[in-house]
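In what follows, every heavy atom counts, from backbone to side chain, and hydrogens, waters and symmetry copies are set aside.
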Amino acid sequence: MPRAGLTPAVVVEEAARVADRVGLGRLTLASVAQQLGVALPSLYKHVRGLDGLQQKLAVQAVTELTAAITAGAVGRSGRDALHGVADAYRAYAKEHPGRYAASLRAPDPDDPAHLSVAAVAFDVFRAVLMGYGIEGDRAIHATRAARSMLHGFVALENAGAFGLPQSVEISYDLMVDAVDRALRGWPA
């Protein structure tokens, strides 16, 4: 019999906390079960193994990240919207490194929840890009480029790879400004 109060949402939320603490690569069902105070087999009543747990965690992480970048974009346009989204993206990655890593998982084509939240996340970027006059396939390419730059920076920052004494904040602002300039001149 499942432990009272244990639900898939509870299991995923605990997995998110564990992933943030130890890293997504070190997330195990055993560590989640231990934190929840249940036997490992109890989790299988709520998730389909580690991959199923990571899939559900990805959906939660993309949902949370989308809420953060949406708040960063609201009421802004152009460069201000880009900086708002970029700052929210970076803050989420720093505050929730395990969840952020989970958010990078490509949506499973058989998971309507994951496809839906990924589409909403893309819609936020698409709205920002419309402020630059970038639409259609151009928006997909521009999103990939901007996301790659943002991800590269936050991944290096989270890994502690910026050891030089110069301000990381200045480097970050300069990078986002470079993305802004690239988007203003995005090819037709």
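Crowding of Arg26 atom CZ: a count of heavy atoms from other residues, nucleotides or ligands under 6.0 Å not exceeding 12. Heavy atoms from other residues, nucleotides or ligands lying under 6.0 Å from CD1 of Ile170 number 12 at most. Within a 6.0 Å sphere centred on CZ of Arg17, heavy atoms belonging to other residues, nucleotides or ligands number more than 12.
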Check residues 181-188 and write down every donor-acceptor pair under 3.5 Å in which the side-chain atom is one partner and the other belongs to a residue at least two apart or another chain.
residue, atom, partner, partner atom, Å
Arg181, NH1, Asp177, O, 3.4
Arg184, NE, Asp180, OD2, 3.0
Arg184, NH2, Asp180, OD2, 2.7

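By the 4.5 Å heavy-atom criterion applied to side chains, Leu24 and Leu104 are not counted as neighbours. The shortest side-chain heavy-atom distance between Val128 and Ile69 does not fall under the 4.5 Å cut-off. In this structure, Thr63 and Val59 have side chains that are in contact, with non-hydrogen atoms separated by less than 4.5 Å. For the pair Glu135/Leu129, no side-chain contact is recorded, criterion being any heavy-atom separation below 4.5 Å from C-beta on. Between Arg144 and Ile140, the closest side-chain pair of non-hydrogen atoms falls below 4.5 Å. Leu43 places none of its side-chain heavy atoms less than 4.5 Å from the side chain of Leu53.
For the residue pair Val85 and Ala73, the shortest heavy atom distance occurs at CG2-CB, 3.6 Å. Smallest separation of non-hydrogen atoms from Pro97 and Asp20: N-OD1, 3.5 Å. Annotation for Val176 and Ala86: closest pair CG2-CB, 3.8 Å, computed over non-hydrogen atoms. In plain terms, the two heavy atoms of Gln60 and Ala16 that are nearest each other are NE2-CB, 3.8 Å. Contact record, Leu57 with Ala15: CD2-O, 4.4 Å, taken as the closest heavy-atom pair. Residue Pro107 comes nearest to Leu115 through the heavy atom pair CB-CD2, 3.8 Å, listed as atom of the first residue, atom of the second, then distance.
One hydrophobic cluster, built from ILVMFWY side chains closer than 4.5 Å, cannot hold both Val120 and Leu65; they sit in different ones. Hydrophobic clustering (side-chain heavy atoms under 4.5 Å, transitive across Ile, Leu, Val, Met, Phe, Trp, Tyr) keeps Met130 apart from Val124. Cluster annotation: Phe162 and Leu150 are assigned to the same hydrophobic cluster (Ile/Leu/Val/Met/Phe/Trp/Tyr, side-chain heavy-atom contacts under 4.5 Å, transitive).
Between the side chain of Asn158 and the backbone N or O of Ala93, at least one donor-acceptor pair lies under 3.5 Å. Using modelled atom types, one side-chain atom of Arg138 and one backbone atom of Gly133 make a donor-acceptor pair closer than 3.5 Å.
Applying the ring-ring contact (aromatic ring centres under 6.0 Å, His included) test to residues at least two apart or on different chains, the pairs with a partner in residues 63-108 are Tyr89-Tyr100, Tyr92-His96, Tyr100-His151. Applying the ring-ring contact (aromatic ring centres under 6.0 Å, His included) rule to pairs touching residues 103-134 yields nothing, sequence neighbours excluded. Sorted by first and then second residue, the salt bridge (Lys or Arg N to Asp or Glu O under 4.0 Å) pairs involving residues 54-74 (not counting sequence neighbours) are Glu64-Arg99.
Atom CG of Asp51 sits about 4.5 Å away from atom CZ of Arg105, to the nearest 0.5 Å. Summarising the geometry, atom OG belonging to Ser31 is positioned 9.5 Å from atom CG belonging to Leu40; distances are rounded to the nearest 0.5 Å. Residue Glu14 holds its CD atom at 10.0 Å from CG of Leu27, rounded to the nearest 0.5 Å. Annotation: the span from Leu164 atom CG to Ser171 atom OG amounts to 9.0 Å, rounded to 0.5 Å.
Remark: Arg90 pairs with Glu157, Glu169 by the side chain to side chain donor-acceptor pair (under 3.5 Å) rule, at least two apart or across chains. Partners of Ala121 under the side chain to side chain contact (heavy atoms under 4.5 Å, CB included) rule, at least two apart in sequence or in another chain, are Val62, Thr66.
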